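Taking it in order: structure first as structure tokens, then the write-up.
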Amino acid sequence: MKKTFLNIGLSLSITFATISCSNLLDLSPEGSLTEPTTFTNYDNFVTYAWQFYDAFPGYDASVPNSEFNADLFAQANNNATSDWLWNRMVVPGSSDDYDIPYTNIRAINIMLDNIDGASQLSETEKNHIRSIGYFFKSVNYMNLLNRYGEVIWVENAIGDDDTDILYGTPSSRDEIAQKILDMLEYAEQHINENGDGKNTVNKHVVRALLSRFGLREGTWRKYHGLSESTRYLEASVSAAKSLVASFPDIHPDYDELFNSESLAPVSSVLLYKQYEPNQIMHVLASRARNSSGRWDLTKSAADLYLLKDGETRWTSSMFDGDKNPFDEFRNRDTRLYFTVPPPYKVITAHPSYQWEHTGNAADREYIDIMAELSVESRKTLPAINWEGLVLRQEPHFVDANNGQPFNVSFTGYRFYKFSNKINKIQNQDINDAPVFRMGEVFVNYAEAMFELDKIDQTVINQTVNKLRARGGVAALQISNIPDDPKRDQSVDPLLWEIRRERAVELMGEGFRFDDLRRWKKMEYAMERKIGRYITKGIDVPENSVIPILGGAKAGYIAYENKPSGTFPDAYYLYPIPSAEIVLNPKIKQNPGWQ
């Protein structure tokens, strides 16, 4: 059995890579893939199923790019703003968001349609293979449901004569959500306990997906005025509770979750996408070490990170202010140090592969801290670019770069969560990407338990407080919740803290836009995105072009204006591509899209 889902079934996945839902009418079923000789023995089914794992993006640039549509990321570019936030979205003619899930579903259905006729499979093996199919069919329908709401349910593989399916009527959200839940609950009961070997879909992975789906669907229903939210929240809780019992301890090294050459030894990572030199690589770490990524956190994101005493930056006596970065980062949740480079200054000589301390003790404060928190192959200070050139200081502004035009930041909070020193070759990064990990399950569990009015200190201790402890932050006590002056007053204080923990733990991993959508809280992202406090003539040149709020000499960086208007209700669902409506008049555009 192959050790990872990345290196298997490539030729099979290529077969389907260019097929869109719209042009299925032009295709006949691939005979070699549907012939009885293909689906005969167990290993053939397993090998065929490897292509389904491509539904997980891993370290694709689209993951952090999606964060620009929410409140915690700003694109480090003078003229880049989100079309979602500035009401510039248009109905596309076609979209991979719509086409690719249906392409995947067709491949999955081919396998499902051939299980019962496979005489060489035992009933247990058939149930397991069916569970794999149901799991991945759920993944793809979850993506469609999340974006579009009502979509067409495709039960079997589509052939030339399947006009009823191609021209079918979309199923309601209720029907699709129920089918997803049914498939996942079947898979939970019938999949092999250990899957098909290490790093394959097993019972734990199915439960992780149930935890994610149940929370997403349950809260969407609750906050968008739909019925039966409790059913899905309970499914999330049931799955998460089982996982918390099986994996009660969180992995102690936050940075290791994202910047390891291999995640195989990390038990709290339930499924990961493996990268290998010269075989399967990505560019995300390189982009965090050059000027291509252009990913910055906003001031709102930085302010979410608590102080060591568990208080906010507005209420903690440990907070030394934010007028300079050294003060702002002091005594903070260490997850901040693994997400945004802490401040420092060093001396380098051209070509700056070597460095030395400035002699000022203040300049090395966080260099020493990071030497304790991390290891050389991951994140130690000073930071380097993709080829190993040493960055002389952080924060490193675009027009105050000391002759180093790489690794620049616009807001001053450069995102480098996925940056490491494992492979210093441009765009040939090999750190593994977690797909399901217990950090997410912990925050799913806490949030779903709150929404079901079942939260208590025991659950908080099992989840939120374990994540906080890893960051060196004091425990959350339900009886003594800090009063966050920035809290949305319509949100319960305890729920606010649970949502804070989710935002911090999952920062930059592609969850925030969907979280704001399901909570119906996109108004958070309609506030002006600002950056660090700087003083011209001190932090940047006197004639710096960096814009400051109100045009002042000192203040918070503000490249983006506040979006005009409010977030349209129509935008909570994606527009259906126009080509799909032309092909099938029974498909109706989502309300509010022209």
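As the structure is a prediction and not an experimental result, all values here were calculated from the model.
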* Show your reasoning for whether side chain to side chain contact (heavy atoms under 4.5 Å, CB included) applies to L306 and R500. => CA-CA 9 Å; L306 295 172; R500 177 205 304 280; 3.7 Å; yes
Give a yes or no on whether the ring-centroid distance for [X] and [Y] is below 6.0 angstrom.
X: W295; Y: F73; result: no
X: F436; Y: F56; result: yes
X: F68; Y: W84; result: no

Donor-acceptor check, side chain of [X] to backbone of [Y], threshold 3.5 angstrom: yes or no?
X: R468; Y: V473; value: no
X: E67; Y: G510; value: yes
X: R532; Y: G412; value: yes
X: K137; Y: N109; value: no
X: T334; Y: Y337; value: no
X: S236; Y: S211; value: yes
X: N431; Y: A285; value: no
X: N65; Y: A61; value: yes
X: R414; Y: A288; value: yes
X: R216; Y: N146; value: no

* Worked verdict on L307 versus R313 for side chain to side chain contact (heavy atoms under 4.5 Å, CB included) -> CA-CA 7 Å; L307 279 293; R313 53 139 297 183; 4.2 Å; yes
* Name all residues meeting the side-chain contact (heavy atoms from CB on, under 4.5 Å) criterion together with S268; count only those two or more places apart in sequence or in a different chain, and write none if there are none. => H251, L257, V266, M438
* All side-chain contact (heavy atoms from CB on, under 4.5 Å) counterparts of P585, not counting sequence neighbours -> none
* To do: May I have all residue pairs that pass ring-ring contact (aromatic ring centres under 6.0 Å, His included) and include part of residues 210-244, sequence neighbours excluded?
  => F213-Y232, W220-H224, H224-Y572
* **Shortest non-hydrogen contact between D488 and S490, atoms and distance** => OD1-OG, 2.7 Å
* Over all heavy atoms of both residues, which pair between Y141 and W153 is shortest? Give the atoms and the distance, please. => OH-CA, 3.2 Å
Looking just at side-chain N and O atoms, do [X] and [Y] make a donor-acceptor pair shorter than 3.5 Å?
X: T315; Y: E311; result: yes
X: W314; Y: D484; result: no
X: D322; Y: Y556; result: yes
X: S316; Y: D309; result: yes
X: D71; Y: S300; result: no
X: N140; Y: N104; result: yes

Can you tell me how the ring of [X] sits relative to the ring of [Y], calling it parallel under 30°, perpendicular over 60° and tilted otherwise?
X: Y254; Y: F258; result: perpendicular
X: F247; Y: H204; result: perpendicular
X: W593; Y: Y571; result: parallel

* **Steps toward side chain to side chain contact (heavy atoms under 4.5 Å, CB included) verdict (L297, T339)** => CA-CA 9 Å; L297 266 63; T339 306; 4.1 Å; yes
Starting at [atom1] of [X], measure out to [atom2] of [Y] and round the result to the nearest 0.5 Å.
X: E217; Y: R221; atom1: CD; atom2: CZ; result: 4.5 Å
X: E440; Y: Y445; atom1: CD; atom2: OH; result: 15.5 Å
X: K417; Y: L336; atom1: NZ; atom2: CG; result: 11.5 Å
X: S138; Y: L181; atom1: OG; atom2: CG; result: 9.0 Å
X: M507; Y: F415; atom1: CE; atom2: CZ; result: 8.5 Å
X: I152; Y: S171; atom1: CD1; atom2: OG; result: 8.0 Å

* To do: Identify whether the distance between the nearest side-chain nitrogen and carboxylate oxygen of D514 and R517 falls below 4.0 Å.
  => yes
* Asked: Does K203 come within less than 4.0 Å of E188, counting only side-chain N to carboxylate O?
  -> no
* **Cation-aromatic face contact R499/W519, 6.0 Å, 45 degrees** => yes
* Is there a side chain to side chain contact (heavy atoms under 4.5 Å, CB included) between R502 and D515 once you walk through the steps? -> CA-CA 10 Å; R502 180 179 183 86; D515 286 343; 2.8 Å; yes
For residues 239-246, tabulate all N or O donor-acceptor pairs below 3.5 Å that involve a side-chain atom, not counting sequence neighbours.
unit_1: S242; atom_1: OG; unit_2: S238; atom_2: O; d: 3.2
unit_1: S246; atom_1: OG; unit_2: S242; atom_2: O; d: 3.1

* Take atom NZ in K486; do more than 12 heavy atoms of anything else shown fall under 6.0 Å from it? -> no
* Structure fact -> salt bridge (charged side-chain N to carboxylate O under 4.0 Å, His left out) pairs touching residues 447-456, sequence neighbours excluded, are K222-E451, E447-R518
* To do: With sequence neighbours left out, write down each residue that passes salt bridge (Lys or Arg N to Asp or Glu O under 4.0 Å) with R332, or none if nothing qualifies.
  => none
